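Quick note on labels: first sequence line is chain A, next is B, and so on, each numbered from 1. Note that the coordinates shown come from a computational prediction; the quantities given were computed from them, not determined experimentally.
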Amino acid sequence: SAEQPAADGKDKVNAGVIAIVDTAPIHLGKAKGFFDRQNIDLTITPVQGGAASVSGAVSNQFQFAFANTTSLLTAREQGLDVKVVANGVSSTGEPGKDFGAVLVKNDSPIRTAKDLAGKKVSVNQLKNIGDTTIRASVRKAGGDPSAIEFVELAFPDAPAALDNGRVDAIWVVEPFVSQALSHGARAVSWNFAEAVDDLTVAMYFTNGKTDPDLVKRFTAAMNESLAYADAHPDEAREILKSYTKIAPEVIAKINLPRWGTEINRESVQAIADLARADGVLKNKADVAALLP
Amino acid sequence: MTRDRSPDSPGSPEFSRAAYGAAGLGALLALLEAVPRLGLVDPRHLPPASEILATLAAELATPELWAALGQTMWGWALGLAIAFCAAVVAGVVIGVVPGLRAATRSTIEFLRPIPSVALIPLATLLFGASLGSTLLLVVYASFWQVLIQVLYGVADVDAVAHDTARSYGLSAWSRIRHLAWPTALPYVMTGLRLAAAVAFILAVTAELVIGSPGLGLAIQVAQSGGAVATMYALVVLAGLVGIGVNLAVRLLERRVLAWHPSIRREAAA
Amino acid sequence: MTGHPRATEPPERKTPAGPGRVAAGVRRAARRTLTAAGVPVLLVLVWWIHSTVSASFYVPGPDRVARAFAETWFSSRLVDDALPSVVRLLAGYALATLAGVGLGVAIGLSPRLRAAAEPVLEFFRAIPPPVLVPLIMLLAGIDDGMKVLVIASGCVWPILLNTVEGVRALDEVLSDTCRMYGVRGASRLRHLVLRGAGPQIMAGLRQALSVGIILMVISEMFASSSGLGFTIVLFQRGFAIPEMWSGILLLGLLGYTLAVLFRRLERRVLYWYYGRGGDRA
Amino acid sequence: MLEVSGLRKVYEGRGVEALRDLTFRVDTGELVCVVGPSGCGKTTLLRCVAGLLRPTAGSVRVAGVPVTGPPPRMAVVFQEYGRSLFPWMTVRQNVELPLKEKKVPRGRREELVGGSLAAVGLADAADAHPWQLSGGMQQRVAIARAVAYEPQVLLMDEPFAAVDAQTRADLEDLILTLWRDLGMTTLFVTHDIDEAVYLGRRVVVLSSSPTVVLEDLKIDLPPERDQLTTRSLPRFADLRGHLYAQIQRARGDR
Amino acid sequence: MLEVSGLRKVYEGRGVEALRDLTFRVDTGELVCVVGPSGCGKTTLLRCVAGLLRPTAGSVRVAGVPVTGPPPRMAVVFQEYGRSLFPWMTVRQNVELPLKEKKVPRGRREELVGGSLAAVGLADAADAHPWQLSGGMQQRVAIARAVAYEPQVLLMDEPFAAVDAQTRADLEDLILTLWRDLGMTTLFVTHDIDEAVYLGRRVVVLSSSPTVVLEDLKIDLPPERDQLTTRSLPRFADLRGHLYAQIQRARGDR
Ligand SMILES: Nc1ncnc2c1ncn2[C@@H]1O[C@H](COP(=O)(O)OP(=O)(O)OP(=O)(O)O)[C@@H](O)[C@H]1O
Ligand SMILES: Nc1ncnc2c1ncn2[C@@H]1O[C@H](COP(=O)(O)OP(=O)(O)OP(=O)(O)O)[C@@H](O)[C@H]1O
Ligand SMILES: [Mg+2]
Ligand SMILES: [Mg+2]
């Protein structure tokens, strides 16, 4: 699985990537041959979450992987040798048109992010980017974020819990946002868009052992993929059908994220600071060491 | 009058057993159909059985599913085989060699409750998202199930039978082969049934969590895509595999335990 | 096979009186501790040597883990996280015992019920808890009730299977004796079925104990914000590896403690079974 | 009280015809002994009478009612006495259990248990567990249990096989006394021809396989029996010799 | 060959002193019977001799070697014959197993197994499982197993308790023949006083608890024995009467 040149002179690369909407560009780029052109024979291995990506990358099973900003900051803080190589996915910055949101039942008394204070809100993982950005949104809306009771619920399980009244609000990402909205849920906060301007939500990274030249070529291919996906949303939607089980009618409706090539350093720094304030990170993060 | 059936009583036991089993499954299906239809749960979160089965039928028509199932079953079979053999050997040795039981007890009791899922970082570190990781988790989880059963089984040797073996000077190996092993066999069969399910569960869970290819990954992809019917169809498939595995073990059991009261009574009842 | 358990414990010879007796007791306790501690000490040594030779981020040395253990668990965490988990574990275990033994006896006694129920049970048994949990959440919510149910849903299988097999294997002559003397219903259950299947039921309960701990962790991977299992998962996700291992260590210790208590109970309940082996040479 | 007619039993597994065709009856309050070569089907017969085994053909009636399961107020002493005792109960509990089931009041129960244990010479061992007893003691516990139950019908399968000669004589007299006092209908399987003649009012001789009733012999000895005098009667020796010859014939057939 | 000296056995659990002080010896090739009241400790004695039970005090020597575990070339027929057969093996396999262990070549093994099963009248049942057999048949399987083993020392614990009188006589003669042909040192526990006199060269009488050797009686009957003639000798009746009185004394003590 290592990065030996294949018979045709290409570098074999294994990338650990979550099979969600966010990672459409790498699939699209592979289909478009952007990686081939950089002499990279890319294999995409689906992983379950950020922790699996990071440990896969650290153990050199993946040369490159995809994880969200908080996971990467945490890994870095714990002394793991992870290094970002490309942007992954960014918030659109437009409430109402973003890919992550806090939803409530239609008849819920919660009207705005401020009302979330004192309520039970589900996130997919505690001490991660979801609760950090929700706290920030609530704070910005003038509420008291410390009074929110967060519980963990995987995205797929959250809508049911909301319907059954087990929680007051859920934080989900696409396709669950569109799905739930079409079934009568109501968005009260678009936390990625509201918390930090132009938020870099997730990034592609590598471990410190990867050959710099390969990194450079991967970055190039990845950036090309990101730009292409951003410019061709229909093709991005189409590629979703190949690696996810999202129903076609849902795919047509979902809000796509923004796939820029630029990593917004300030937003990463902002997330780091927010995480530190929330106690998710213990020390001041060395953002510069993480980012390229 | 349970012991012996009169020869003229109708219906072969095999047939009636299958009929009862089908009836049980039918009742379950009816329940799963009724619960969403009656609105006890939202059909969006738990589709009715008919829809799940239709989805399953559609899924079964795709080669990807068969490939995934094949991968899962391969990891399952290999892991179960390794765990079973290792546990039987370890169990018999620990049960038979004096003092070993006492010396290993604390270690066994310490290691046993460590969840396989907690070993995932270690597994991915050692093997990555490959068969090796799945095997590590499968073997670790199912090993203990068999081991404990073997230990209890070996301890169940009848005192008089044990004395008989000793007085006729049966060697240690003979006493294992002809006395301890047959005595433990009913326990081992239960252990095998327990381990078979645990191994399967862990094979699927490993794929689910680590992301090595197979049925678990398919479930995860369906789950994260919000494809509820597909997800449940795959879960049903997992359940069906369980039924199949149990049938196989039962068949084996009827062969190797023909002398045991539980089987001979049934042959007659 | 001098070594099978009923014969392992060498019969205590003459019981000396007075101070000699105390000394013998002390010696026995010391020997027991030594046999119990020998292998673990050896294993820790191997681990320690291994970690000094090849340090790895995911496998820290025992010293690091010990330090993390002290920092992590000698705090309010033990009460806030570990205690509620253990309570849920015991509740789930109790529920599984009731359900497993109850259902197991019914199924073991009736071949028809067994034929009808087996495929359904096998169906559920093969469903991995991580995918079963969402279903349970649909029905039982996301609070403690769900976690107890998840624990019970995993623990129940070893108990159920062993009970069924134990009941099926009841001695025929004893069954006939009961039938002859009109020992029926509850009394037959109490005096014949549960006692006769006792050794195998105990084997199942023993299995279930550690399965319960495993399920405790799994249940806390869903809809949680506290708990022993949740904390371990959180450490794992936060790459706090020594802390994670210290949590696993705690799980092991918990399992060991429960097993020791269980063994005490088992010796009491099955005194006739262990006594039957007698004091043999 | 007990009617066996056309009884046939074939064990499916090995295809063994254990009983071919048995017909005999035991009147209320009668004591009938059954003798026959080893493996001829005595235990099988007893199990059919007890309703524990379904006959292949023919029928058994107890008090006029066809037997389909164990009839009430019937007690059995099994040949496998060791396996018929509950290892998790003390001797006392073993004897007491059927009485509890019968809802015998506590005081009476204790009397019965104590009395029957004393009668079989096990008053000292009441608190021991069966596996702490010798073979003969275990067998006596099984007898005490049957006796304490005060059954209407008593079936015994070689109940004295494991006790010494003197104990055996005592137990024989115990059974005779109880039988007379309680009027139990008793079917008694034994290997000891002397015992059969001493105890029985009639002796049923079974042939070896294929098993039929070879003879149904009336024991015309005086009803009051006594170990010394009865056994020394010339008629006793006659009957004994006759039975011995019969059994030999039964075995010779094969 | 067999020396028992000062043997004492206390069962810890109940604190029962099963044997107080036993001393006797059995010479090579001798056949000694042990009689005693039920529960006096005969089985306990046999288990100590077989090295299956550790004595509380005293010692047992076989061929001069102190017994610490089962000595080689010793066969035991247990009182609990049913439990001593392996239910997962057929009758033939049960008999054959010790021979395989002894590395008897195949041909000879088959000869021994076939011969011994035929001798106990079970040639037909060789392929049955023990639980398909009657009590007496099971007991005969256990005897066949011991006999086929051709032991140097043979211990038997009431081996004929479950068989009918005629079969019993046949088996007695079988043991006598084998004992003479093979020169086995034999310790034979029985309840049947006639049997003890008929078989034994000596009879050891045990007292009831606290158990000691009450008498070590030499049986001065002609060495060649025969069911009809030996049993009708006046000396036979004498010895029998004497033993009967002894046992009664043994029991009376308690
Ligand atoms: N469970 C069984 N399966 C098959 N055959 C059996 C079974 N039980 C008994 N038999 C056969 O039935 C026949 C009669 O057995 P039964 O136990 O009734 O004899 P018995 O007269 O009681 O003999 P014994 O005096 O030796 O106890 C025997 O040939 C035996 O092998
Ligand atoms: N495992 C045991 N634990 C405690 N006491 C026992 C045990 N085995 C036997 N005993 C006691 O030891 C005494 C002698 O028992 P043993 O079995 O040797 O008698 P026995 O002479 O063989 O009697 P029987 O003729 O009835 O078989 C009895 O009082 C019995 O209760
Ligand atoms: Mg019988
Ligand atoms: Mg005995």
Side-chain angles (χ1 to χ4, degrees), chain B residues 17 20-21 23-25 28 41 45-46 95-98 101-107 109-115 117-118 121-122 125 144-145 148-149 152 154-157 159 162 175 180 186-187 190 193-194 197 200-201 204-205 208 219 235 238-239 241-243 246 260-262 266 269, chain C residues 1-6 8 35-40 43 56 58-59 111-112 115-120 122-131 135 138-139 157-158 161-162 165 168-169 172 199-200 203 206-207 210 213-214 217-218 232 236 241 248 251-256 259 276-278:
Chain B
R17 198 173 300 137
Y20 276 114
L25 281 179
L28 175 68
V41 298
H45 305 314
L46 176 64
V96 161
V97 177
R101 182 89 203 260
T104 52
R105 184 172 287 129
S106 56
T107 313
E109 296 306 341
F110 178 83
L111 290 177
R112 224 153 55 85
I114 293 177
V117 285
L122 190 66
L125 176 77
W144 304 113
Q145 305 269 328
I148 294 300
Q149 294 288 135
Y152 270 84
V154 171
D156 198 30
V157 169
H162 176 256
R175 276 188 266 160
Y187 286 82
T190 305
R193 292 178 63 211
L194 284 170
F200 183 69
I201 286 172
V204 174
T205 307
L208 207 78
I219 291 178
V235 171
V241 170
I243 294 178
N246 182 58
H260 192 256
S262 64
E266 238 149 67
Chain C
M1 230 135 329
T2 39
H4 85 70
R6 274 176 287 146
T8 5
T35 43
V39 178
L43 287 179
S56 143
Y58 281 100
V59 191
R112 284 190 196 164
E118 200 168 275
V120 176
E122 293 303 320
F123 177 85
F124 281 110
R125 206 158 67 82
I127 298 179
V131 296
L135 196 63
L138 270 185
L139 305 171
W157 302 118
L161 259 58
N162 273 293
E165 300 307 320
R168 284 175 67 204
E172 292 149 301
Q200 214 152 341
R206 179 79 161 276
Q207 293 267 32
S210 57
I213 297 179
I214 295 170
V217 174
I218 291 183
I232 292 174
Q236 185 181 331
I241 301 303
I248 291 176
L251 286 181
L253 290 177
L254 175 64
Y256 178 67
R276 215 161 37 157

*Counting N and O atoms only, with roles assigned by atom type, does the side chain of C:Arg125 sit under 3.5 Å from a partner on the main chain of B:Arg193, one being a donor and the other an acceptor?*
yes

*Would you tell me whether B:Arg112 and C:Tyr256 have side-chain atoms, one donor and one acceptor, within less than 3.5 Å of each other?*
no

*When only pairs under 4.5 Å are counted, which of C:Pro119, C:Gly255, C:Ala259 shares the most heavy-atom pairs with chain B?*
C:Pro119

*Given a strict heavy-atom distance threshold of 4.5 Å, which part of C:Ala203 is in contact with chain B: side chain, backbone, both, or neither?*
both

_Heavy-atom cut-off 4.5 Å, strictly under: side chain, backbone, both or neither for B:Ala23 against chain C?_
neither

_Within-4.5 Å side-chain heavy-atom neighbours: B:Glu109 and C:Arg206_ = yes

*Is the backbone N or O of B:Gln145 less than 3.5 Å from a side-chain atom of C:Gln207, with the two atoms forming a donor-acceptor pair by type?*
yes

_Contact winner vs chain B - C:Leu43, C:Leu254, C:Ile218, C:Ile127, heavy-atom pairs under 4.5 Å_ = C:Ile127

*Looking at B:Gly239 and C:Ala126, what are the two nearest heavy atoms and their distance?*
CA-CB, 4.2 Å

*State, with a plain yes or no, whether a side-chain heavy atom of B:Leu28 is found less than 4.5 Å away from one of C:Phe124.*
yes

*Given a strict heavy-atom distance threshold of 4.5 Å, which part of B:Leu194 is in contact with chain C: side chain, backbone, both, or neither?*
both

*Side chain / backbone / both / neither for C:Val217 at chain B, heavy atoms under 4.5 Å*: side chain

*How long is the gap from CD1 on B:Ile114 to CD1 on C:Ile232, to the nearest 0.5 Å?*
9.5 Å

_Once rounded to the nearest 0.5 Å, what's the spacing between atom CG of B:Leu111 and atom CG of C:Leu251?_
12.0 Å

*Top of B:Ile219, B:Ile148, B:Val241 for chain C proximity - count of heavy-atom pairs under 4.5 angstrom*: B:Ile148

*Do B:Gln149 and C:Asn162 come within less than 4.5 Å of each other through their side chains, counting heavy atoms only?*
yes

*Where do C:Gln200 and B:Tyr187 come nearest, in terms of heavy atoms and distance?*
CG-CE2, 3.7 Å

*asked:* At a heavy-atom distance under 4.5 Å, which candidate from B:Val204, B:Thr104, B:Val235 has the highest pair count against chain C?
replied: B:Val235

*Could you grab the distance from atom OG1 of B:Thr190 to atom CH2 of C:Trp157, nearest 0.5 Å is fine?*
14.5 Å

